[in-house]
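Please read the structure below before turning to the comments.
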Amino acid sequence: IDPQRMDLLRLADELRQRTGLAECFVVPSEGADEPLTTRIARFGARLLEQRLNDSSILGVAWGRTVMALSKVMSPLNLPGATSAQITGSSIAAYDFSPELCTSNIAIKVSGRSVNLHAPGMVSSARMKTLLMQEPIIEQHFKLLRTCTMTLFGVTHVGSENLLKDSGFMSTQVLQDYKNHGAVGFVSGYFFDIEGRPVHTEVDDRHVVMPYKDFLNVPVRICVGGGVDKVEAIRSMIKGGYASVLVTDEETARGVLLPYD
């Protein structure tokens, strides 16, 4: 029996019990020749491969870890499975776009890709209201309400990646969220240190799966780690965004500190 593996299993179980997660998986923070993001993504891919079936409807968000996961997934033959985009499209770096994350997974499982044919951010609240009334958009969000799983990453509000990869965030927008108490971001939602949603006028223009619909999805898988994300992950768990977490040892121990 590998002692390190046993330690990681005990750590994951402690994190699950202390925080109320349904499931938790922890990978080593060091000891491999590949980046931490890739190691977390690789474990997440193996987990997703085991959980998906021919009737799965997977809601997919954008992000570096989600993108890495889509690249390391093994091919599956699940023609009845659906991979659906849960946030609007953006002009972000192509490598991390929500469209590509969604379609990559669909290709890997030989399933159906359903992209959200709408911008992630529109010019006004009225424009969003009108857009959401379009039949094709209504149909998409109706599909999202039937998701059996969601897959997403997590980041802290001060992350340069959030600023660069989103395609619509600006320094001013992020500062406004910080001023309102935001510490983290998942799947289009900002939240404070207690996991409570943080809203600004941007939310009235942001095209994303509604918060309550997101929380109603039975299995919500978050893949993410790194010491810079400890506070965001701890707060995300408090808010109930994830039911399943795949992270690394150092991050897991950091999340647990206040519980000791």
Note: [X]-[Y] ion pair, threshold 4.0 Å (strictly below):
X	Y	result
Glu138	Lys142	no
Glu250	Arg253	no
Lys238	Glu194	yes

Going by heavy atoms in the side chains, are [X] and [Y] under 4.5 Å from each other?
X	Y	answer
Val217	Met209	yes
Glu249	Asp7	no
Ser74	Arg46	yes
Leu131	Pro119	yes
Leu116	Pro98	no
Arg145	Asn216	no
Asp204	Lys128	no

Review point. Hey, what's the ring geometry for Phe185 with Trp62, parallel, tilted or perpendicular (30° and 60° as the breaks)?
Key: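 Correct class here is tilted.
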Point to revise | Listed partners of Gln139 passing side chain to side chain donor-acceptor pair (under 3.5 Å), at least two apart | key: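 Not a single residue meets the side chain to side chain donor-acceptor pair (under 3.5 Å) criterion with Gln139.
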Exercise for review: Identify, with sequence neighbours excluded, every residue that meets side chain to side chain donor-acceptor pair (under 3.5 Å) alongside Asp213.
Suggested key: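 Partners of Asp213 by the side chain to side chain donor-acceptor pair (under 3.5 Å) criterion come out as none, since no residue qualifies.
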[X] [atom1] to [Y] [atom2] distance, which is reported to the nearest 0.5 Å:
X	Y	atom1	atom2	answer
Arg16	Leu21	CZ	CG	9.0 Å
Ile105	Leu69	CD1	CG	6.0 Å
Ser235	Lys229	OG	NZ	14.0 Å
Cys24	Leu9	SG	CG	10.5 Å
Tyr259	Arg234	OH	CZ	7.5 Å
Ile107	Leu76	CD1	CG	13.5 Å

Give every donor-acceptor pair under 3.5 Å between a side-chain atom in residues 146-153 and any protein atom, sequence neighbours left out.
from, atom 1, to, atom 2, distance (Å)
Thr146, OG1, Leu143, O, 2.6
Thr148, OG1, Ile57, N, 3.0
Thr148, OG1, Ile57, O, 3.2

Practice item. Can you run down the ring pair (Phe, Tyr, Trp, His ring centres under 6.0 Å) pairs that involve residues 33-60, sequence neighbours left out, and say none if there aren't any? Key: Phe25-Phe43
So, for [X] and [Y], which heavy atoms are closest and what is the spacing to 0.1 Å?
X	Y	value
Ala106	Ser83	CB-CB, 3.9 Å
Tyr241	Leu215	CA-CD2, 4.0 Å
Cys101	Ser70	O-CB, 4.3 Å
Pro79	Asp54	N-OD1, 3.2 Å
Val198	Asp192	CG2-N, 3.5 Å
Thr247	Ala252	CG2-CB, 4.2 Å

Point to revise | With sequence neighbours excluded, residues passing side chain to side chain contact (heavy atoms under 4.5 Å, CB included) with Asn115 | key: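 Side chain to side chain contact (heavy atoms under 4.5 Å, CB included) list for Asn115, sorted by chain: Gln85, Glu99, Thr102, Ser113, His117.
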Exercise for review: Kindly write out the residues that satisfy side chain to side chain contact (heavy atoms under 4.5 Å, CB included) with Thr37, not counting sequence neighbours, or none if the list is empty.
Suggested key: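 Checked Thr37 against side chain to side chain contact (heavy atoms under 4.5 Å, CB included); matches are Thr65, Ala68.
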Point to revise | Candidate pair Ser56 and Leu78, rule side chain to side chain contact (heavy atoms under 4.5 Å, CB included), full reasoning | key: CA-CA 9 Å; Ser56 293; Leu78 299 172; over 6 Å; no
Exercise for review: Start with the C-alpha distance between Met73 and Glu49, add both sets of side-chain angles, then the distance that settles side chain to side chain contact (heavy atoms under 4.5 Å, CB included), and finish with yes or no.
Suggested key: CA-CA 7 Å; Met73 279 188 73; Glu49 290 158 12; 4.0 Å; yes
With hydrophobic residues grouped by side-chain heavy-atom distances under 4.5 Å, do [X] and [Y] end up in a single group?
X	Y	value
Val109	Val114	no
Ile40	Val219	yes
Val246	Val255	no
Phe141	Val122	yes
Ile237	Val183	yes

Practice item. Show your reasoning for whether side chain to side chain contact (heavy atoms under 4.5 Å, CB included) applies to Leu48 and Leu58. Key: CA-CA 10 Å; Leu48 192 61; Leu58 175 69; 4.0 Å; yes
Review point. Would you say the side-chain atoms of Asp176 and Gln172 include a donor-acceptor pair closer than 3.5 Å?
Key: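 Per modelled atom types, Asp176 and Gln172 side chains form no pair under 3.5 Å.
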Are there over 12 heavy-atom neighbours, none belonging to [X], within less than 6.0 Å of that residue's [atom1]?
X	atom1	answer
Arg10	CZ	yes
Met127	CE	no
Leu257	CG	yes

**Study point:** Qualifying residue for salt bridge (Lys or Arg N to Asp or Glu O under 4.0 Å) with Glu34, from Arg42, Lys71, Arg39
**Key:**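 When salt bridge (Lys or Arg N to Asp or Glu O under 4.0 Å) is applied between Glu34 and each of Arg42, Lys71, Arg39, only Arg42 qualifies.
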Review point. For Phe190 and Val202, what are the C-alpha separation, side-chain angles and deciding distance, and is it a side chain to side chain contact (heavy atoms under 4.5 Å, CB included)?
Key: CA-CA 11 Å; Phe190 285 88; Val202 170; over 6 Å; no
